[in-house]
Amino acid sequence: MTSARASAIAAITSYKSHGQAWNFRETPTSEIFGANVFSESIMKDRLPKSVYKALQATIKQGKQIDASIADAVAMAMKDWAIEKGATHYAHVFYPLTGLTAEKHDSFLTPTGDGDAIAEFSGKELIQGEPDASSFPSGGLRATFEARGYTAWDPTSPAYILDNPNGTTLCIPTAFCSWTGEALDKKTPLLRSMQAVDKQARRVLSLFGHKDIGPVTAAAGPEQEYFLIDRNFFFARPDLVVTGRTLFGAKPPKGQEFEDQYFGAIPERVLACMLEAERDLYKLGVPVKTRHNEVAPSQYEIAPLYENANIATDHQQMIMQTLTRVAEKYGMACLLHEKPFAGINGSGKHVNWSIGCRLGNLLEPGESPHANAQFLVFCAAVIRAVHLHADLLRSVVAASGNDHRLGANEAPPAIISIFLGEQLSDVFEQIEKGRATSSKASGTLTVGVDTLPPLPKHAGDRNRTSPFAFTGNKFEFRAVGSSQSIAGPLVALNTIVAESLDFFANALEKAGGSDPAKLNAAIEKLLQETIAQHKAVIFNGNGYSPEWQIEAKKRGLPNLKATPEALDVLVSPKNIALFEKYGVLSEREMRSRYEIYMERYCKDINAEANSAVQIAKTMILPAGYRYQGALVDTAYKLKSLGQSVHIGTLDKLTGLVGIFEKNIEALEKTLAHSGLDIRAEVTHFHDHVIPAMAALREIADQIESILPDDLWPLPTYREMLFIK
């Protein structure tokens, strides 16, 4: 075993946690939840009554922020933060890298007489000015045009970020250019929430509702991730550079025993989870669930449902916190969609719905067939997904996600809707005329006298569906684990806003406020909607080859890879959609297309260069050393008059020869230039990726015959099972 691998295993077996113990018996979670958040209760205590009411009107009713209250809010925030040990404040924003960005400024201001005071003005709260030229802009900004602005988002609460040497007041913000165009993930999300709010209230008003209030999109994203020891991580250049293993032979055992899923959580992993959860509780992130996932060393954390904008900010906090806390426990958190070949990758299931003070608008109730309001909103989603399935596929497109979509571990690249038996039956009745009944939920009897009867849902779940109805919400299961959920939410909100707009127009024209006419118009609208859009409803096995054929017959798009999926972003249909509802302009859409296409090329280029480097400097020399050892052994045996079997030498020599040629072939594919972005993406997809796969195939065969003490990289067996 190489010294790097041996040292890694020795460090793991002698590992002692340096994490901070927390006594939850002395300080229950209810006391720490939101402790670092500038929450409603803190605002109420610290702000003048008029300022508090004005700010709450913005947060809860969607009214435009009154700039005149900014100084009072800033002073209260500053005083609260300094009491919490803060020395700096940071405008936190979400550029088109998909990551979180921060610009820190000190509260300290020199007075000119050798002293300094802590200051924080309303102007500094409302607006910051980070350099916009160094973030991806897709042509919205030239490199020499540096000005960009962060704008305070009062609907997402400010919070304190702890550090061993102090704390920072973090203020969630939007990020836009000097020309007012969105350079971030938050701005389009807020615009899309505005769009769905406006159109949903139009529909609700037709049902006679007066006091509706804002209609809010809500989300609850489930985060899957891997944890491996940091000693292994740093001994794998591919993991350090790309987030995934570019080489690695299949271990003797993978996930086929099905013993990892919901198994007992290893002690070190559980300690890490507990500290991460504690930190997230303090930030007001409502994390609820943790468990082992299907693949070895894979886990999941899931928060409760909340406002989609806040959920998106919290999701970024979750990824940051998991990565940071894992280091304290000697582990690396891997958020790549497919860090290890041959076992399940990681996704991010985004649960989505819309609601208002009337309740969840996707709640079917006990009798869905008689719940006209629910049926209208559910039908609007069905229509939206059918008309814009290509768009939903495009917003989860990334090189990492290509490794898992379509495999027997994640939804296929064909976007379809699972409704379940109960709702499918209701909509089938509607299509035929009128729904008169709903399948009952019932009770499940286990057959053990000491166990109570269990309530049974009216339908089963379907893990192969990319977009599944799960009781009172839809679960978008195709999102990648490393992705921001903002893009998928922007798409969902906008396409549903378009369907609700279409429904409102039809119902206003046909029925208006006349109940009899309205009911007839709703029946007709629902019948027509299901007849025209039922092709997207599929309750069967999304992994089956038959579904691929059936989906094609139904006219459903099957965008298997990122390049063709991203092309959809700049189709005239989708540009017109986003422009109509003020979510993204054509320039903003095309900028994103350029950024995501360029990111695809950069990702694959980094992987290919890393593969070449590892192949030439680590794997090939190991192969040469074993060749030399085999030749030396064969020569000595022959000189002693012993029979010599050179099968292994022949096999290895053949593999090493092919490996050298494959390295040259991969290097050749990387030596291209002068291509436009679309041609470059095609080149990486059609030539570089296959060349990488060919190189890996031979490398994994070489690993399987090399002596353990010569193989230079930590193996799958070690990384996945030594904890």
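What you are looking at is a predicted structure, and each value in this text was computed from that prediction instead of being measured.
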Original post:
Does a side chain donor of either Y94 or T312 reach within less than 3.5 Å of an acceptor in the other side chain?
Top reply: no

Original post:
How long is the gap from CD on E337 to OG on S399, to the nearest 0.5 Å?
Top reply: 8.0 Å

Original post:
Salt-bridged, R244 to D603, with N to O below 4.0 Å?
Top reply: no

Original post:
Distance-only, no hydrogens or angles: does the D390 side chain make a donor-acceptor pair with backbone N or O of L559 under 3.5 Å?
Top reply: no

Subject >> Working for side chain to side chain donor-acceptor pair (under 3.5 Å), residues Y596 and S394 >> reply: CA-CA 10 Å; Y596 301 150; S394 74; over 6 Å; no

Original post:
For the side chain of H314 and the backbone of V287, is there at least one donor-acceptor N/O pair under 3.5 Å apart?
Top reply: no

Original post:
Backbone N or O of L189 within a donor-acceptor pair of the S192 side chain at under 3.5 Å?
Top reply: yes

Original post:
Is K602 salt-bridged to E598, going by a charged N under 4.0 Å from an acidic O?
Top reply: yes

Original post:
Between the side chain of S544 and the main-chain N/O of N541, is any donor-acceptor distance below 3.5 Å?
Top reply: yes

Subject >> Donor-acceptor contact below 3.5 Å, side chain N609 vs main chain N605 >> reply: yes

Original post:
Can you find a heavy atom in the side chain of P488 that is under 4.5 Å from one in the side chain of W352?
Top reply: no

Original post:
Will you find, in the side chains of Q316 and T100, an N or O donor that is under 3.5 Å from an N or O acceptor?
Top reply: yes

**OP:** Using distance alone, with no hydrogens and no angle criterion, decide if N309 and N307 have a side-chain donor and acceptor under 3.5 Å apart.
**Re:** no

Original post:
Can you check side chain to side chain donor-acceptor pair (under 3.5 Å) on N344 and Q255, steps first, answer last?
Top reply: CA-CA 8 Å; N344 276 17; Q255 63 187 52; 2.9 Å; yes

Original post:
Any idea which heavy atoms bring R236 and F247 closest together, and the distance?
Top reply: NH2-O, 2.7 Å

Original post:
Is a donor on one side and an acceptor on the other found under 3.5 Å between the side chain of R393 and the backbone of I415?
Top reply: no

Original post:
Nearest 0.5 Å, what's the OG1-CD distance between T29 and E277?
Top reply: 9.5 Å

**OP:** Verify side chain to side chain donor-acceptor pair (under 3.5 Å) between E703 and T715, making sure each step is shown before the conclusion.
**Re:** CA-CA 9 Å; E703 179 186 345; T715 65; 5.2 Å; no

Subject >> Distance, nearest 0.5 Å, that separates CG of L283 from CZ of F33 >> reply: 9.5 Å

Original post:
For the side-chain hydrogen bond (donor to acceptor under 3.5 Å, both in side chains) test, which of E224, Q298, Q223, R404 pairs with S346?
Top reply: Q298

**OP:** Could you verify whether a donor N or O on one side chain and an acceptor N or O on the other, from Y716 and T245, lie under 3.5 Å apart?
**Re:** yes

Original post:
For the atom pair CD1 (I343) and NZ (K253), what is the distance rounded to the nearest 0.5 Å?
Top reply: 12.0 Å

Original post:
Between the main-chain N or O of Q483 and the side-chain N or O of K348, is there a donor-acceptor pair closer than 3.5 Å?
Top reply: yes

Subject >> Which atom of G542 lies closest to which atom of P412, heavy atoms considered >> reply: O-CG, 3.5 Å

**OP:** Under the side chain to side chain donor-acceptor pair (under 3.5 Å) rule, what do T562 and D402 come out as? Steps first, then yes or no, please.
**Re:** CA-CA 7 Å; T562 291; D402 281 354; 3.0 Å; yes

Pair up each side-chain donor or acceptor in residues 610-620 with any protein partner under 3.5 Å, not counting sequence neighbours, and list the distances.
{"unit_1": "K616", "atom_1": "NZ", "unit_2": "E667", "atom_2": "OE2", "d": "3.0"}
{"unit_1": "T617", "atom_1": "OG1", "unit_2": "Q613", "atom_2": "O", "d": "2.6"}

